[in-house]
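Take a look at the structure set out below.
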Amino acid sequence: MRTTPTRTSRLVAVTAAFLSAAILALAAPASAKADEPVRAVFTDADSEPLSGDDLAANSARGDIQLHWAADPPGASPMFRLVGRLDGELVDDRIVYYEGPQQRSFISGLEDGTHEFVVMARLADTDPWGPESEPIVFTVLHHSLRQTFILLGIGAFLFIAIVFVVVREAIFAENPFADEDEAADPAPADRAAEKGGEA
Amino acid sequence: MNSNTNEGLLLDPGVGFALLAVFGLGWIALGIWWGRKAKTTEGHMLAGRNVGLALGTATAAATWITSNTTMLAPQFALQLGIIGALAYCTASFGLFLFAPMAARIRTLMPNGFTSVEFIRLRYGETAYWLFLLISIFYSMTWLVSMAMAGGIALEALSGIPYLTGMSVILAVCVAYTVFGGLYAVIGTDFIQSIIILAGLVIVAVMILAKEPPGSVYERLEESRPMLLSALFPAALMALFNNMLFGIGEITHSNVWWSRAFAMRKGVGAKAFLLGGLVWLPIPLVAGFLGLAAPALGINILRPDVAGPVVAAEMLGTLGAVLVFIVVFCSLASSIDSLLAATSDLITKDIVQNLFMKDATDRQLRTVVMVVIIGLGVVTWLLCLGRSQTLAEVLFFAGPLVGSTIWPIIAGLYWKRANPIGVSLAMLLGTAIGLAAYMTIGWYTGALVGTAVSFVIVVATTAIFPREFDWRRLRVSTAPKSPADRIREEAAQ
């Protein structure tokens, strides 16, 4: 027996086709995104991504506090922070950190322009994702001239303090010497003699 | 590369809370017990002026082992390298130099109460106001930096939230200082100093056995070469800056003056000297932790948590528990001292001097307790934000305390120091020192402040000498006559 589709069943079929198409359309970019490697970006302390001039920093002490995050946010990847001194080979890059944390304090850097990049991956078996935009960190330590001037002033002040305090401790007279000898022990000392240590 | 997780996973938070509860309740119980000894305001504030050598040495060492030692010394090493670690040790010169000064203070003012009182009698009102402002500002900076350190350390070690850890430490210290006054402070200092020293010795031995200094050196050479450099400019600047900051802290602060007044005659000099010797090696051990962090690949989230985090990372759970206890004791031993000394200062030099000249002993004691609680509340409010590192917070006070060194030395030993010159020295020393802090770095403020102050004090004393009668110091601080005491008791 031949049957013809009813109006209702045609509507169901069209709806199902539309929904399938919609699901496929939505799923396609997602699966494509899942294939994309997770990225890492440098941020400020409030997790706002840094860009442009904010990616440049300088110091006279050679230390820097770095913050980073995953892009897109929400993923929990492992991160790798690497740095190198400008002009050195790529192979000479130093790995400063590998792990899940999202900030690090780096210190003890020499004069020069240092570049830091951070990358991420979701699993240990994945390759590292693309490098972030670098933070360009310029270290210019205080001049040795300025340093030795302050060092000299400090040494002089220290010697002066020691000289005065030690000299006075040895030679300064007790302005109340006669009084103290003549008088009875002070009330506190009497209490000490009676009551022992506090 | 070590992928540590130093944000709250080193010690179970439950263990952290249990340690907080045990030690917190212990200190409060001891505070109440010792507080029974304090029958008068003088007993509460100065422990009856009867502290002996053993307790005196312990309180000097324990008070100087602060968050500065357990947390800032590693920060110095991590930021400024080997020279930075040595720079931190120079703070012991503060205790060494205060030893003879404590004897002089006791001689000139056997019945004195505070350092501000000395400045008022020695130099007059202008210097008094400036010195009072500096003292209170410094005390608040130190209190805030320590309460902050407590919150930061407990969070880094055990995951206890910063706000909770900071609030509990502060509340415990306020409670036992209110109940026990200086008796409780010095008594707990004695126990705390033994715990701190034993804990640090164990931590040091375990760490050196695990990671010899030679291997740390080799690894630093590659990734952080400046930390090993003898010509690290910022570290060389910090060398004398830290020494002068330490000397300034001790010579001006009522924390130390109150101990000089509280110690029995002839005890102060020896106690401060021994306290300095006990303290000297501690920052070296703590500093090694800061240097070890990058060498061992331990990620440091912020520089001021390096010490506790590295020790706990290297030594496991036992190490974390030890470090937790040491940090808690070192913080408590200093916060209580500051609360007690600052409350004395506010009570005697502001409330009594300006508003309650005829206050009875009982009224003054109530004021002391209210002031201690008030200080706790203000500190707590100021600690709610934690944007800067400990070094930046603490060393902001560097120019202020540096500018007081020469006014104090001249006041104690030179009969002809000029009061106007001394006021100018504190004012300009502070201003120019702060300018250096802002423009050069936090490691120069105390040095520049001291230098400016030195030039002005010496120059004005030489060019415009002003004779001072030492007798004024004794007459003005003489104890009340028996008739006055009877009148007071009748009024109560």
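Note: hydrogens, waters and symmetry copies are ignored here, and every other heavy atom, side chains too, is used. A, B, ... follow the sequence lines: proteins, then strands. Residue 1 opens every chain. This is a predicted model, so every value here is computed, not measured.
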Task: Top of B:P100, B:P225, B:A234, B:G441 for chain A proximity - count of heavy-atom pairs under 4.5 angstrom - done: B:P225
- [ ] Provide the closest heavy-atom pair for A:L109 versus B:M226 in the form atom of the first, atom of the second, distance.
- [x] O-CG, 3.2 Å
- [ ] Could you tell me which portion of B:V267 (side chain, backbone, both or neither) has an atom closer than 4.5 angstrom to a non-hydrogen atom of chain A?
- [x] neither
Task: Contact check, side chains of B:M237 and A:L151, non-hydrogen atoms, under 4.5 Å - done: no
Task: Atom pair CD (A:E110) and CZ (B:F232), whose distance is rounded to the nearest 0.5 Å - done: 11.0 Å
TODO: Check each atom of A:L150 against the heavy atoms of chain B and say whether the ones under 4.5 Å are side chain, backbone, both or neither.
DONE: both
Task: B:L80, part contacting chain A, at a heavy-atom distance under 4.5 Å - done: side chain
- [ ] Would you mind checking which part of A:I106 comes under 4.5 Å of any heavy atom in chain B, side chain (CB onward), backbone (N, CA, C, O), both or neither?
- [x] both
Open item on the list: Below 30° counts as parallel, above 60° as perpendicular, anything between as tilted: where do the rings of A:F158 and B:F240 land?
Closed with: tilted
Task: Over all atoms of both residues, closest heavy-atom pair of A:Q65 and B:R302 - done: OE1-CA, 3.8 Å
Open item on the list: With a 4.5 Å cut-off on side-chain heavy atoms, are A:H141 and B:L231 touching?
Closed with: no
Task: B:I405, part contacting chain A, at a heavy-atom distance under 4.5 Å - done: side chain
TODO: Evaluate the side-chain proximity of A:P175 to B:L108: yes if any heavy-atom separation is below 4.5 Å, no if none is.
DONE: yes
TODO: Considering only heavy atoms and a distance below 4.5 Å, find which of A:V162, A:I149, A:I161, A:N174 pairs most often with chain B.
DONE: A:I161
Open item on the list: Under 4.5 Å from any heavy atom of chain A, what part of B:P294 do you find: side chain, backbone, both or neither?
Closed with: neither
TODO: Heavy atoms only: give me the nearest B:P233-A:H142 pair and the separation to one decimal.
DONE: CG-O, 3.3 Å
TODO: Name the region of B:L236, side chain, backbone, both or neither, that has any atom closer than 4.5 Å to a heavy atom of chain A.
DONE: both
Task: Top contributor to chain A interface from B:T90, B:I409, B:N241, B:V448 [non-hydrogen pairs under 4.5 Å] - done: B:I409
- [ ] Count the heavy atoms of every other residue, nucleotide or ligand shown that sit under 6.0 Å from CG of A:D53, and state whether that count exceeds 12.
- [x] no
TODO: Locate the shortest heavy-atom distance separating A:I153 from B:A451; write the atom from each residue and the value.
DONE: CG2-CB, 3.8 Å
Open item on the list: Any donor-acceptor pair under 3.5 Å linking the side-chain atoms of B:N299 with those of A:S104?
Closed with: yes
Task: Interchain contact, A:A160 with chain B, by part (heavy-atom threshold 4.5 Å) - done: both
Open item on the list: Any non-hydrogen side-chain atom of A:R61 less than 4.5 Å from a side-chain atom of B:W442?
Closed with: yes
- [ ] Tell me, for B:F96 versus chain A, whether the close heavy atoms (under 4.5 Å) come from the side chain, the backbone, both or neither.
- [x] neither
Open item on the list: At a 4.5 Å cut-off on heavy atoms, which part of A:V139 comes close to chain B: side chain, backbone, both, or neither?
Closed with: neither
Task: Side-chain touch B:Q79/A:F105, heavy atoms, less than 4.5 angstrom - done: yes
Open item on the list: Do B:W406 and A:L157 have side chains that approach each other closer than 4.5 Å (heavy atoms only, starting at C-beta)?
Closed with: yes
Task: Residue part contacting chain A, namely of B:L78, when any heavy atom lies under 4.5 Å - done: both
